[in-house]
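Report on one structure; see the data block that follows.
Residues take their numbers from the sequence shown, with the count starting at 1.
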Amino acid sequence: TMALCLKQVFNKDKTFRPRKKFEPGTQRFELYKKAQASLKSGLDLKAVVQLPPGESINDWIAVHVVDFFNRINLIYGTMSEYCTERSCPIMSGGLKYEYRWQDDSKYKKPTKLSAPQYMCMLMDWIEMLINNEDIFPTRIGVPFPKQFQQVCTKILTRLFRVFVHVYIHHFDSIINMGAEAHVNTCYKHFYYFIREFSLIDHRELEPLVRM
């Protein structure tokens, strides 16, 4: 399976953050198992991302946001030794794209950060959101907030920037680790998912448009 392959290729001790798990017996856990089973069956990734009949779109999006966070976290955690203040003083995607950090607490205005600083802020910020019961409710019968998909768009847009940085600045390292096929599969899965539900503005996709 892809998850198993990722663990074999990437060093799980270097995962940036602890994995967010789905609680067994919950609707989200059942959906996660369904999604993983489809992935393992080798189905076309375009088909895998489609909403299963009768399922809630917000539950489906929530499952994928958490899963992509875990997997991209694992990929970057292993890459992080190659992504340093010295090698990557600016969070960028080549010469044309620079990503600045902004949040509601410390950085009220878009702020230039090194790639490692940006990644650290990003993973902390996503972890805080997905553990917030008011945004990602886990109890049965508790509705998603009205702004849920908007929040997920922001999370996925920023996670996409991790792919941009890793592919453009650290692709040699990915190849040297023998991880190219696994990163590519994860990226394709992510890409088909965001396109299926129109979750990221197409302008954000431009840095990797040739892929």
Which atom names give the shortest non-hydrogen contact between [X] and [Y], and what distance separates them?
| X | Y | result |
| --- | --- | --- |
| Phe163 | Val183 | CE2-O, 4.3 Å |
| Asn73 | Met123 | CA-CE, 4.2 Å |
| Pro145 | Pro137 | CD-CD, 4.4 Å |
| Phe136 | Cys152 | CZ-SG, 3.9 Å |

Do [X] and [Y] make a side-chain contact, defined as non-hydrogen atoms from C-beta onward lying under 4.5 Å apart?
| X | Y | result |
| --- | --- | --- |
| Leu159 | Val65 | no |
| Lys112 | Trp101 | no |
| Arg100 | Met91 | no |
| Arg158 | Ile126 | no |
| Ile168 | Tyr97 | no |
| His165 | Cys83 | yes |
| Ile75 | Cys186 | yes |
| Tyr99 | Val164 | yes |

### Query
Regarding Arg161 and Tyr118, is there a side-chain donor-to-acceptor distance under 3.5 Å anywhere?
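A donor-acceptor contact under 3.5 Å links the two side chains.
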### Query
Any luck finding a side-chain donor-acceptor pair between Thr111 and Gln102 under 3.5 Å?
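Note: Thr111 and Gln102 side chains miss the donor-acceptor criterion.
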### Task
Carefully, step by step, assess Asn58 and Trp60 under the rule side-chain hydrogen bond (donor to acceptor under 3.5 Å, both in side chains).
CA-CA 5 Å; Asn58 282 342; Trp60 189 239; over 6 Å; no
### Message
Assigning hydrophobic clusters by single linkage (Ile, Leu, Val, Met, Phe, Trp, Tyr; side-chain heavy-atom cutoff under 4.5 Å), is Ile90 placed with Phe171?
### Response
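Result: no, two separate clusters.
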#### Entry: Pair Asp104-Lys108, salt bridge (Lys or Arg N to Asp or Glu O under 4.0 Å): steps then yes or no
CA-CA 6 Å; Asp104 295 326; Lys108 303 264 170 113; over 6 Å; no
First locate atom [atom1] of [X], then atom [atom2] of [Y], and finally report the distance between them rounded to the nearest 0.5 Å.
| X | Y | atom1 | atom2 | value |
| --- | --- | --- | --- | --- |
| Cys120 | Leu113 | SG | CG | 10.5 Å |
| Leu95 | Glu98 | CG | CD | 11.0 Å |
| Ile175 | Glu180 | CD1 | CD | 4.5 Å |
| Asn184 | Lys188 | CG | NZ | 6.5 Å |

#### Entry: Pairs involving residues 84-95, ordered by first then second residue, that meet side chain to side chain donor-acceptor pair (under 3.5 Å) (sequence neighbours left out)
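Qualifying pairs, neighbours excluded: Thr84-Ser87, Glu85-Ser114, Ser92-His169.
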Where the side chain of [X] meets the backbone of [Y], is there a donor-acceptor pair that is under 3.5 Å apart?
| X | Y | value |
| --- | --- | --- |
| Asp124 | Glu127 | no |
| Asn176 | Asp172 | yes |
| Thr153 | Ile200 | no |

### Message
Working note: Met177 + Tyr82, criterion side chain to side chain contact (heavy atoms under 4.5 Å, CB included); need CA distance, chi angles, decisive distance, verdict.
### Response
CA-CA 12 Å; Met177 288 163 57; Tyr82 306 106; 4.1 Å; yes
May I ask you to decide if the ring planes of [X] and [Y] are parallel, tilted or perpendicular, using 30° and 60° as cut-offs?
| X | Y | result |
| --- | --- | --- |
| Tyr187 | Phe160 | tilted |
| His64 | Phe193 | parallel |
| Phe144 | Phe148 | tilted |

### Message
Ile155 vs Val151, test: side chain to side chain contact (heavy atoms under 4.5 Å, CB included). Steps then yes/no.
### Response
CA-CA 6 Å; Ile155 291 172; Val151 171; 4.0 Å; yes
#### Entry: Phe68 CZ: over 12 foreign heavy atoms closer than 6.0 Å
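For Phe68, atom CZ is crowded (more than 12 foreign heavy atoms under 6.0 Å).
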### Message
Under the criterion side chain to side chain contact (heavy atoms under 4.5 Å, CB included), I'd like the reasoning laid out for Ile194 against Leu205: C-alpha separation, chi angles, the key distance, then a yes or no.
### Response
CA-CA 10 Å; Ile194 60 172; Leu205 306 177; 3.6 Å; yes
### Query
Please walk me through it: do Ile57 and Gln149 pass side chain to side chain contact (heavy atoms under 4.5 Å, CB included)?
CA-CA 10 Å; Ile57 187 168; Gln149 288 191 24; 3.9 Å; yes
### Query
Does Lys46 come within less than 4.0 Å of Asp44, counting only side-chain N to carboxylate O?
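No salt bridge links Lys46 with Asp44.
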